[in-house]
Amino acid sequence: MLTHDSAAAGWRGFGSTMAPTARSSADTPIIPGFFPDPSICRAGEDYVIVHSTFEYSPAVPLWHSRDLVNWTLAGHALDGDPRFVPGNARAGGGVYAPTIRHHDGRFWMITTDVSGGKGQLITSATEITGPWMPSVRIDGILGIDPDLAWDSDGTCYVTFSSNDQRAPGIAQVRVDLAEGRVIEGPYTVYEGTGAAYPEGPHLFRRGPWWYLLFAEGGTERGHCISVARGTSPTGPFHANPNNPILTRRSTTFPVQNTGHGDLVECVDGSWALVYLGVRPRGGTPMWHTNGRETFLAGIDWVDDWPVVVPDRFDLPDASTGFVDRFDTDRLDLRWISPGPAIAEFAHPTSDGVVISPASSQHGVPGVLATRTRDLAWRFEAELAAGSTGTVHLRMDDHHWCEVRRTSTGVEVEVVIGQVRQVFLADSRDPAVLCVAALAPTFGGPDDLTFAVRDADGERELARIDGRYLSTEVAGGFVGRVIGLRALHEPAVFRQARYEPGEDPAVPVWNIDEPPTA
């Protein structure tokens, strides 16, 4: 594996025991929280990133930057799109691995909705803020993780991770975008280097070479990025002798599961890589809770092969905190829903946001949710007088917990798989419901605490080990979200507040002296 030693950095190589430089792109995400499978493109001086959203809506967030290190959420490519119906997908379904490209004055986005039928969805817009065209489904592309690339003669290729027995591995078709149909293929272009699950392909040209960048090893600890090249977009492709070009497997580096990358040529002619990673914490086997996050690296070219420079960029301090008083006509772009469309159950008013009881066809409740984006954090919401409602923390349909004010008092409910526990509290009527992720005391990634606040102050109602709301326990591809939910009648939330905490110093447990609860 070929790596690059940066003279200005405090960390060299993936297996080094040296601590990475503070706020280095090697260990700090540029877009923290559940924003996986990044794809990037550039249009002039503007950079755009999109992500997988799985069952959540609105789908496919669009992030904008002018410098690669400061990013602003600008919209969603599948917001109100008739072919992506909110609530149609069960947990782990929905939108997989979109690709964003800019071609002939338009942004093009292609993705797989695994819950919406066979084929791939494609849409376009002249500006990332929209309007985005109603998506078209291109049939005959059986697989996930579609990529878009154009040859100099205008031929458009979709390269994807195939589920088609006629073309295993990484496959490709030629498509007519104007008619939304396949005109040649599928055919296999590469089967990977031998590691598990070759996926997430991206095809691009540099000089005389066509490069095929792809992920392997599964999206867990064995994840990696490899590359092959050839003189034609259809292959044959020949592997880089130094594959994989990025992985953190079998190291103690604080960012793991690194893979699923995409390349972009920068304004100044240099190149950069965006990729996903996780920040596991706690004792063995360690747990990650915010899902797969987006990281940035530099690229050098050596013998016409890309070489990853993980610590090339210094990242600015950027707070993830917010206070939302819901006092505008439109909700902030941060809010998402795992069930029905937000417009069906959440309505901002001058007195706060009104959340109505709602659920999807699969019974998933309407939760006005936002991603948790830090290793330690605190979220609190103020209910209007007389309202009942909850602050709801979710990994999926079977791993969630909430603190709630009912008509008779306050309580905490925790659901872990088939196990359900309710912590009964008292009959007082608090105004503020609180959930926080704090430094661990049980050996997990964090402690989750549930509290309420009223005129007498704040009191903790329950505390659980945060490992039970982690990907390693719940499975799947998403991270924690937290938000607001109504019970049996509409609830009015006057405001919501999210505050990041300091990265907790997680102890390394002695195997001979296991921690006690």
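The basis for the numbers below is simple: all heavy atoms, side chains too, and nothing from hydrogens, waters or symmetry mates.
- In summary, D37 and R292 engage in a salt bridge, as defined by a charged side-chain N under 4.0 Å from a carboxylate O.
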Is there a side chain to side chain contact (heavy atoms under 4.5 Å, CB included) between H223 and H260? Walk through the geometry before answering. CA-CA 8 Å; H223 212 25; H260 203 112; 3.9 Å; yes

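- For the pair R485 and E413, the salt-bridge criterion is not met [side-chain N within less than 4.0 Å of a carboxylate O].
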Set out, in order, the CA-CA distance, both residues' side-chain angles and the distance that settles side chain to side chain contact (heavy atoms under 4.5 Å, CB included) for L433 and E380, then state yes or no. CA-CA 5 Å; L433 308 177; E380 61 181 46; over 6 Å; no

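- Side-chain atoms of S319 come within 3.5 Å of backbone atoms of G321 as a donor-acceptor pair (strictly under, hydrogens ignored).
- The local environment of CE in M133 is sparse, with at most 12 non-hydrogen atoms from other residues, nucleotides or ligands closer than 6.0 Å.
- Counting heavy atoms from C-beta outward, W108 and I122 have side chains that approach closer than 4.5 Å.
- Under the 3.5 Å distance criterion, with hydrogens and angles disregarded, no donor-acceptor pair is assigned to the side chains of T349 and D351.
- Salt-bridge formation is not detected for the pair R83/D81: no Lys NZ or Arg NE/NH1/NH2 atom is positioned less than 4.0 Å from an Asp or Glu carboxylate oxygen.
- Between the side chains of T372 and N290, at least one donor N or O sits under 3.5 Å from an acceptor N or O.
- Other residues, nucleotides and ligands contribute more than 12 heavy atoms inside 6.0 Å of the CZ atom of R459.
- In this structure, the separation between CG on L487 and OG1 on T390 is 6.0 Å, given to the nearest 0.5 Å.
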Going through the checks in order, is the ring-ring contact (aromatic ring centres under 6.0 Å, His included) test met by W335 and F326? CA-CA 11 Å; W335 298 107; F326 308 109; 5.7 Å; yes

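- Distance alone, capped at 3.5 Å, places no donor-acceptor pair between the D262 side chain and the P38 backbone.
- Between T219 and N257 there is no side-chain heavy-atom pair separated by less than 4.5 Å.
- Taking both residues in full, the closest heavy atoms of P61 and T53 are given as CD-CG2, 3.2 Å, listed atom of the first, atom of the second, then distance.
- In this pair, Y498 and W377 present their aromatic rings parallel. The plane angle is below 30°, not in the 30 to 60° band.
- Under a 3.5 Å cut-off, the side chain of S52 and the backbone N or O of F54 do not form any donor-acceptor pair.
- Heavy-atom contacts from other residues, nucleotides or ligands closer than 6.0 Å to CZ of F423 number more than 12.
- A donor and an acceptor atom, one from each side chain of N70 and S65, are nowhere located under 3.5 Å apart.
- If you check the side chains of T126 and R106, you find no donor sitting under 3.5 Å from an acceptor.
- Judged purely by atom type and a 3.5 angstrom limit, S387 has no side-chain atom pairing as donor or acceptor with the backbone of L383.
- Between R101 and D147, at least one side-chain N (NZ, or NE/NH1/NH2) sits under 4.0 Å from a carboxylate O, which counts as a salt bridge.
- Nearest heavy-atom pair, T112 versus G143, reported as atom, atom and distance to 0.1 Å: CG2-O, 3.5 Å.
- Under the 3.5 Å distance criterion, the side-chain polar atoms of T99 are matched with a main-chain donor or acceptor of P146.
- The shortest heavy-atom contact between K118 and R137 is O-CD, 3.2 Å.
- Counting only distance, with no hydrogens or angles, the side chain of R394 and the backbone of P338 share no donor-acceptor pair below 3.5 Å.
- Ion pairing between E458 and R378 holds under the 4.0 Å rule for side-chain N and carboxylate O.
- When every heavy atom of T471 is checked against every heavy atom of V478, the shortest pair comes out as OG1-O, 3.3 Å.
- A donor-acceptor pair is defined here as one N or O able to donate and one able to accept, closer than 3.5 Å; no such pair exists between the side chain of S57 and the backbone of A341.
- When all heavy atoms of R249 and C224 are compared, the pair lying nearest together is NH1-SG, 3.8 Å.
- For F34 and F477, the ring centers are positioned 6.0 Å apart or more.
- Inter-residue side-chain proximity for V412 and V414 is flagged as met; some heavy-atom pair is nearer than 4.5 Å.
- Taken to the nearest 0.5 Å, the CE atom of M109 stands 10.0 Å off from the OG atom of S124.
- Looking at D456 and R453, no side-chain N of the basic residue comes within less than 4.0 Å of a carboxylate O on the acidic one, giving no salt bridge.
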Is there a ring-ring contact (aromatic ring centres under 6.0 Å, His included) between H392 and W400 once you walk through the steps? CA-CA 7 Å; H392 184 91; W400 57 267; 5.1 Å; yes

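- A salt bridge links D317 to R23: at least one charged side-chain nitrogen sits closer than 4.0 Å to a carboxylate oxygen.
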Show your reasoning for whether side chain to side chain contact (heavy atoms under 4.5 Å, CB included) applies to I336 and T370. CA-CA 6 Å; I336 56 176; T370 189; 5.9 Å; no

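- E472 and H288 share a donor-acceptor pair across their side chains, judged by distance under 3.5 Å alone.
- One distance of note links CD1 of I100 with CD1 of I49; it measures 11.0 Å at 0.5 Å rounding.
- Between the CZ atom in F35 and the CH2 atom in W71 there is a gap of 12.5 Å [rounded to 0.5 Å].
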Using the rule given for side chain to side chain contact (heavy atoms under 4.5 Å, CB included), can you reason through V492 versus V353, listing the C-alpha separation, both sets of side-chain angles and the distance that settles it, and then say yes or no? CA-CA 6 Å; V492 179; V353 64; over 6 Å; no

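- Nearest heavy-atom pair across P348 and T328 is CB-O, 3.4 Å.
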Assess whether side-chain hydrogen bond (donor to acceptor under 3.5 Å, both in side chains) is satisfied between T320 and D374, documenting all intermediate values. CA-CA 8 Å; T320 54; D374 301 275; 2.6 Å; yes

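- Heavy atoms from other residues, nucleotides or ligands lying under 6.0 Å from OH of Y47 number more than 12.
- E199 and S161 share no side-chain donor-acceptor pair at under 3.5 Å.
- Between L469 and L448 there is a side-chain heavy-atom pair separated by less than 4.5 Å.
- Ion pairing of D324 with R494 is absent here, as no side-chain N (NZ or NE/NH1/NH2) approaches a carboxylate O to less than 4.0 Å.
- Remark: I464 CD1 to F450 CZ distance equals 4.5 Å, nearest 0.5 Å.
- Counting heavy atoms of neighbouring residues, nucleotides and ligands inside a 6.0 Å radius, atom CD of Q361 exceeds 12 of them.
- In this structure, R325 does not pair ionically with D327, as no charged nitrogen and carboxylate oxygen lie closer than 4.0 Å.
- At a cut-off of 3.5 Å, with distance as the only test, no side-chain donor of N88 or S115 sits close to an acceptor on the other residue.
- Under the 4.0 Å criterion applied to side-chain N and carboxylate O atoms, D446 and R480 are assigned as salt-bridge partners.
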Evaluate the criterion salt bridge (Lys or Arg N to Asp or Glu O under 4.0 Å) for residue pair E382 and R405; output intermediate values, then yes/no. CA-CA 11 Å; E382 179 185 352; R405 186 171 82 183; over 6 Å; no

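- At least one cation-pi condition fails for R497 and F322: the charged atom is not both under 6.0 angstrom from the six-membered ring centre and inside a 45 degree cone around its axis.
- Atom CZ of R373 is separated from atom CD1 of I482 by 14.5 Å, given to the nearest 0.5 angstrom.
- Judged by distance alone, the side chain of S25 and the main-chain N or O of P310 form a donor-acceptor pair under 3.5 Å.
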